[in-house]
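Let me begin by presenting the structure, written as structure tokens, before commenting on it.
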Amino acid sequence: ENLTVRRGFLELMDTMPQAMKMDFVPYIERLFPAMLMGINGEKAAQALVGRFGDLCPDLLMAAFEGSYAKALGSTKDWKKMQVVREKSMQLLLKTAEKILEHKKFGQDLLTCDECSNKATRLRVLILAFVARNDPDAAVKRVASNVWKTSGGSPKMQKTIAQELAQSIMKWRAGSMGAGLQKVAKDALSELVKAGDAEEPSEDVEAVSSEFCFDTAKSLNEEAAKIAAGEFSVSQADEADTKEDCQMVKKVESFWGKHASFGTLLGELKSHILSVSESVIREGHKKKLPGPKVVEELQSALGQICQCCKEQVEDFLKAVPENVEALCRDVLGDDFDGQHQEGYDKDTLLRVENMLLMYGAGKLLLKDTVLEMKANRRYGVVGHNGAGKTTLMKEIVAGRIVGMPT
């Protein structure tokens with residue numbers, strides 16, 4: 001095992017939830033198990049639980065259960081697996097605490113229904129109850145803390161006794177591997193001793209197999225083909241690629257003809273070419289009107305040259321005229337012909353499929369179009385708690401995904 005690669009993978013995984021925000025949700029169930037199994041005292045998975053522990057805890061529980069079962073049944077590197085179980089329990093505790101941030105007076109984890117469903121909260125409690133019988137004292141201690149923090153008590157144990165018994169009996173039968181089977185037997189004995197479950201009439205056969213995660217499924221068929229090296233370029237993709245190449249050549253040819261561009265430093269010239277190509281290609285794919293592409297490219301070039309205005313003074317003077325000429329040259333008839341639905345010369349902001357959430361995952365807006373146009377006045381109307389202030393704060397802070405800078 002390459003430790004450097006491993007550390008890099010864990011650090012990358014830890015940054016992705018913060019970088020992608022809500023766009024990371026579709027990947028949680030696929031990546032979280034690997035993040036848990038890779039824990040060796042580093043901070044991987046903390047950011048994910050910190051961001052999504054109360055937003056979508058239901059997507060985390062399969063990984064918590066699976067990694068615990070896997071680490072219990074593994075016969076290789078027992079010490080490392082003990083660390084995985086302990087760190088996983090610590091993250092389960094953090095998840096419980098994130099959910100409990102939204103409890104009302106007198107509520108515990110079982111009754112705190114503000115940001116999660118009952119089935120998910122039961123899974124947290126059941127896993128914590130069973131893990132209190134872990135063979136390692138450190139894991140037991142953390143699991144007991146999860147149980148206690150969640151409001152675990154003899155009264156709660158009796159309240160959820162039926163659900164506890166059902167899950168424990170399933171794990172006792174070996175559905176999640178040999179390691180969890182042994183711990184589940186001890187947990188069942190604890191329930192029987194407390195009078196919350198009946199003694200099983202028959203013993204179950206001990207299983208020898210370890211728990212295995214389901215093979216990660218690709219999000220779509222095309223991605224699966226690419227991963228298997230079987231993908232082929234469609235005619236449409238090939239046409240788009242050729243069109244992009246032609247645009248790149250036109251951009252390079254256009255700037256190469258201008259003397260003010262030739263006086264710039266080599267690295268700056270390369271950056272201006274890359275930005276010009278990127279903005280025009282992106283605008284073309286989004287079917288933005290030509291003037292809108294010109295506006296965005298002018299803004300982008302202005303930001304690039306901000307740090308060295310004196311050296312690029314001649315270039316900046318000609319930017320407005322040159323940028324429009326460049327866009328007309330590259331886009332051709334599409335400069336005046338293409339228009340995305342909803343866009344016109346007065347459109348300042350248009351965000352489609354906007355998602356807005358508040359605090360612990362309260363959904364305010366979904367699949368919403370946010371559009372603002374010049375020389376208009378807008379009012380926000382809604383009942384208390386609808387999200388009026390939240391929407392305005394997000395707009396002012398520029399935190400809405402897809403919002404132009």
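The first residue of the sequence shown is numbered 1, and numbering continues consecutively from there.
- Phe64 and Phe32 have their aromatic ring centers within a separation under 6.0 angstrom.
- For the pair Leu370/Ile395, a side-chain contact is recorded, criterion being any heavy-atom separation below 4.5 Å from C-beta on.
- Using a 4.5 Å heavy-atom threshold, the side chains of Phe129 and Leu191 count as touching.
- Residues Leu326 and Leu297 meet the side-chain proximity criterion, which asks for heavy atoms closer than 4.5 Å.
- Sorted by first then second residue, the side chain to side chain donor-acceptor pair (under 3.5 Å) pairs that include residues 261-276, not counting sequence neighbours, are Trp255-Ser276.
- Taking all atoms of both residues into account, the shortest heavy-atom contact from Phe213 to Pro33 is CE2-CB, 3.7 Å.
- A pairwise comparison of heavy atoms in Gly151 and Asp108 identifies CA-CB, 4.1 Å as the closest pair.
- In this structure the side chain of Leu127 never reaches within 4.5 angstrom of the side chain of Arg123, judged on heavy atoms.
- No donor-acceptor distance shorter than 3.5 angstrom exists from the side chain of Glu296 to the backbone of Gly283, with no hydrogens or angles considered.
- Applying the salt bridge (Lys or Arg N to Asp or Glu O under 4.0 Å) definition to pairs two or more places apart or across chains, those involving residues 162-190 are Arg132-Glu190.
- Looking at Phe261 and Leu273, their side chains come closer than 4.5 Å, going by heavy atoms from C-beta outward.
- In this structure, Glu252 and Glu277 have side chains that are in contact, with non-hydrogen atoms separated by less than 4.5 Å.
- Counting heavy atoms from C-beta outward, Lys87 and Leu36 have side chains that stay 4.5 Å or more apart.
- When side chains are defined from C-beta on, Tyr68 does not count as touching Leu92, because their heavy atoms never get closer than 4.5 Å.
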Stepwise salt bridge (Lys or Arg N to Asp or Glu O under 4.0 Å) check, Asp134 with Arg85: CA-CA 9 Å; Asp134 192 276; Arg85 299 200 308 279; 2.8 Å; yes
